[in-house]
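The structure under discussion appears below in the form of structure tokens.
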2 protein chains.
Amino acid sequence: MGATLQTIADALGVSRSTVSNAYSRPDQLSPELRSRILDTARRLGYAGPNPNARSLRSGKVGAIGVLLTANLSLAFSDPCTVAFLRGLAAAAERRETSLLLIPLPKDPEAAQRVVRGAVVDAFCVYFVPDWCGVLEVISSRGLPVVGGEDPELIGPDQFHVGIDERAAAREVGTHIANLGHRRVAILGHWLVGNRTSGIIQVDAPEDLPYFVTRERILGYREALAAADVPWSDVLLVNVAGSHRAEGELAAGFALDRGDRATAIIATSDVLALGAIQALAARGLRAGRDVSVTGFDDIPEAAAVGLTTIRQSSEDRGRLAGEVLLDPPTDPDRRCRVLPTTLVVRATTGPAPGL
Amino acid sequence: MGATLQTIADALGVSRSTVSNAYSRPDQLSPELRSRILDTARRLGYAGPNPNARSLRSGKVGAIGVLLTANLSLAFSDPCTVAFLRGLAAAAERRETSLLLIPLPKDPEAAQRVVRGAVVDAFCVYFVPDWCGVLEVISSRGLPVVGGEDPELIGPDQFHVGIDERAAAREVGTHIANLGHRRVAILGHWLVGNRTSGIIQVDAPEDLPYFVTRERILGYREALAAADVPWSDVLLVNVAGSHRAEGELAAGFALDRGDRATAIIATSDVLALGAIQALAARGLRAGRDVSVTGFDDIPEAAAVGLTTIRQSSEDRGRLAGEVLLDPPTDPDRRCRVLPTTLVVRATTGPAPGL
DNA sequence: CAGCGCTTCTGTATCGATACAGTACTGGCT
DNA sequence: AGCCAGTACTGTATCGATACAGAAGCGCTG
């Protein structure tokens, strides 16, 4: 405490630069002097170069800022997000880089302030609403950024690592349509802002605020439309969070009505698992009475036999980290699209009555 | 890029301080001037005060450094760690504080260097071996720290949030002993450094490097000794990681021998679940042929009927965050011990032949 | 012995902001 | 008029390091 490079320098009668070199560039001074300096530093209770000062001068911090869903603590409840972080962490630790998990306030202005003030070298944007303007802040700071979202936003310092959300969703929609389902409900997480769960009407899905959800919805719509299921016939249920309990609740809206849906398409596995619970609670069986699909293929999906889209969030995270830490020079490689597969399991089957 | 406070100040003919105030202390200048400044800043592509410089001068960063297990990516595989982070994140986001997840290199010297260089206001130490010396580095930096580990290390800026590991383990040991088990195997994660999984002999468990594991082992030993099960009769299996597969493998060492253990005590639920798998693979049933216990009470434990110690890692994380963000002045409250309960379920039963 | 290259160390400028003391001006009160 | 308080802004010192150019010392060569 209180001791700085100068303190040590004075104590030994050497220059401040030399003491700095003792820490950061050992090759610039003789081993004896270096060890004398380090000894003195220890004796004086000097903890080594102040990280703040160092990063101010050198312009490097050694940290990647991670922007997750509005609610940081919620992110840790979502298996996909955790897998993504696992991959990101794997890439980061190989380079002695830290991850700064930044909670984004709901208020856009506060969110921008937080992003402006984050002490990082680069950003990784995972599931952030379009409207909050953090991408603009990042680019005005001139920091590199990798997003899993809109691939259009690619600039010289902007990278993209993701999947073809829409195409994957289209596969799901086609699968459901091919099975003959015509009364379809879609459970979408965070379709709209902070509203509570419930049936909503979205005439123009292309305006939805969250990129991922929007693209998936558009994919479902395209596939259903191609099979002559008009969008106006599709029941859209907004889900306030990607939690199982929310999924169960939301599925209720689709099940407890006269013209019960014969298929429930969920934008995530977690929601789908909730929907299956809702079915069970009503004495219905997934795959026979009502078909259910998810998205992500989390480990539990296999256990339950959930039809879903397989993607590797861990790979996604790892690749995102690698792209930031080793920016590809080739512009074509600034945008990486990872593969997905439709995994058909037991929770989907022909529409009843066919 | 390149624009600083001075750039804006020059452009408007005001002083640098005033521009700074426009951002950080709006009450110090007239609203008109402020908005003129902000406009100009926007026009010149100024992204707002440089976070590095700001934190150098003000001495604050707005981030808590989190030191997890050697392997950061591994930490995201462990449900307990994730729950801990969830709690910590909940506390942090309430105060607009970020979490800096710091991968600790295995080499102690490198680990210390990393901790010395982390740009944070405080540290949270979660599962770090005693020997690596990071606590000393933290205290020499004069930063507050909260640990889930050794409660002895409490100083003016050091806090503790944890459970009574040893007492909880004692409960498990007593439970097992009361059921009449005398051939006991213990699966311990990271009993020793980076060794591979296998049977080891530890005459002096009090020297084990990881606090949590050490305390649990000591608790088991005390309880077993009290029931006249000598320590030398206990089979100790080192597990290289808290993974289910590792647990299954490690349990094999206890099962595939002449004097098969009748009880397997695992230092975590994840390992215990692996052990149960190992039993199943050998046609044995947990609770009848071999008793199995875990530690933590992760969600899956209830599903499987695992006897275990219940603790709330999420509460632990949240409390750790709160303690750092609102340091208690009362010295007695610098050390918080959270409650645990022994939850007896189906995987433990009387020793066969009794 | 001048000249060269090498190692080792020094000194100054700089990174980009905030803290704090101080100045100028305004207006109200006695 | 004189004084005080308050607002709005300025100016300098400072936070603690690193970058980079340069100097000193030293051995070697021609």
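Proteins come first, then strands; the chains are lettered A, B, ... in the order of their sequence lines, and each starts at number 1.
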* Asked: For Ser73(B), what residues pass the side-chain contact (heavy atoms from CB on, under 4.5 Å) criterion, not counting sequence neighbours?
  -> Arg86(A), Ala89(A), Ala90(A), Glu93(A), Asn71(B)

* **Sequence neighbours excluded, every pair satisfying salt bridge (Lys or Arg N to Asp or Glu O under 4.0 Å) that has a member inside residues 109-122 of chain B** => Glu96(A)-Arg113(B)

* **the helix from dC1(C)-dG30(D) to dT30(C)-dA1(D): angle between end helix axes, five pairs per end, rounded to 10 degrees** => 50°

* To do: Could you tell me the separation between the CG atom of Leu29(B) and the P atom of dC25(C), rounded to a whole number of Å?
  => 19 Å

* Structure fact -> Whole-Å distance, Glu32(A) CD to dT8(C) P, equals 9 Å

* Look at Arg36(A) together with Asp39(A) and state whether they make a salt bridge at an N to O cut-off of under 4.0 Å. => no

* Whether Tyr210(A) and Phe127(A) hold their rings parallel, tilted or perpendicular, with breakpoints at 30° and 60° -> parallel

* To do: Using modelled atom types only, decide if a donor and an acceptor are shared between the side chain of Arg334(B) and the backbone of Asp157(B) within a distance under 3.5 Å.
  => no

* To do: Provide, to the nearest angstrom, the distance between the CZ atom belonging to Arg34(A) and the C1' atom belonging to dT7(C).
  => 17 Å

* **Arg318(B)/Asp315(B) ion pair, N-O < 4.0 Å** => yes

* To do: Can you check each nucleotide of nucleotides 12-21 of chain C against protein heavy atoms at under 4.0 Å and return B for base, S for sugar-phosphate only, - for none, in 5' to 3' order?
  => BBBBBBBB--

* Asked: Has Ser15(B) got a side-chain N or O lying under 4.0 Å from the OP1 or OP2 atom of dT10(D)?
  -> yes

* Asked: Rounded to the nearest Å, what distance is computed from the CG atom of residue Asp10(B) to the P atom of nucleotide dG11(D)?
  -> 11 Å

* Distance in angstrom units between Gln28(A) CD and dG22(D) C1', rounded -> 13 Å

* Asked: Is the phosphate of dC9(C), meaning OP1 or OP2, less than 4.0 Å from a side-chain N or O of Ser30(A)?
  -> yes

Enumerate, atom names and distances included, each donor-acceptor pair closer than 3.5 Å involving a side-chain atom of residues 21-31 of chain B, sequence neighbours excluded.
unit_1	atom_1	unit_2	atom_2	d
Asn21(B)	ND2	Ser17(B)	O	3.4
Ser24(B)	OG	Arg54(B)	NH2	3.0
Ser30(B)	OG	Leu33(B)	N	3.4

* What residues, two or more places apart in sequence or in another chain, satisfy side-chain contact (heavy atoms from CB on, under 4.5 Å) together with Asp326(B)? -> Arg95(B)

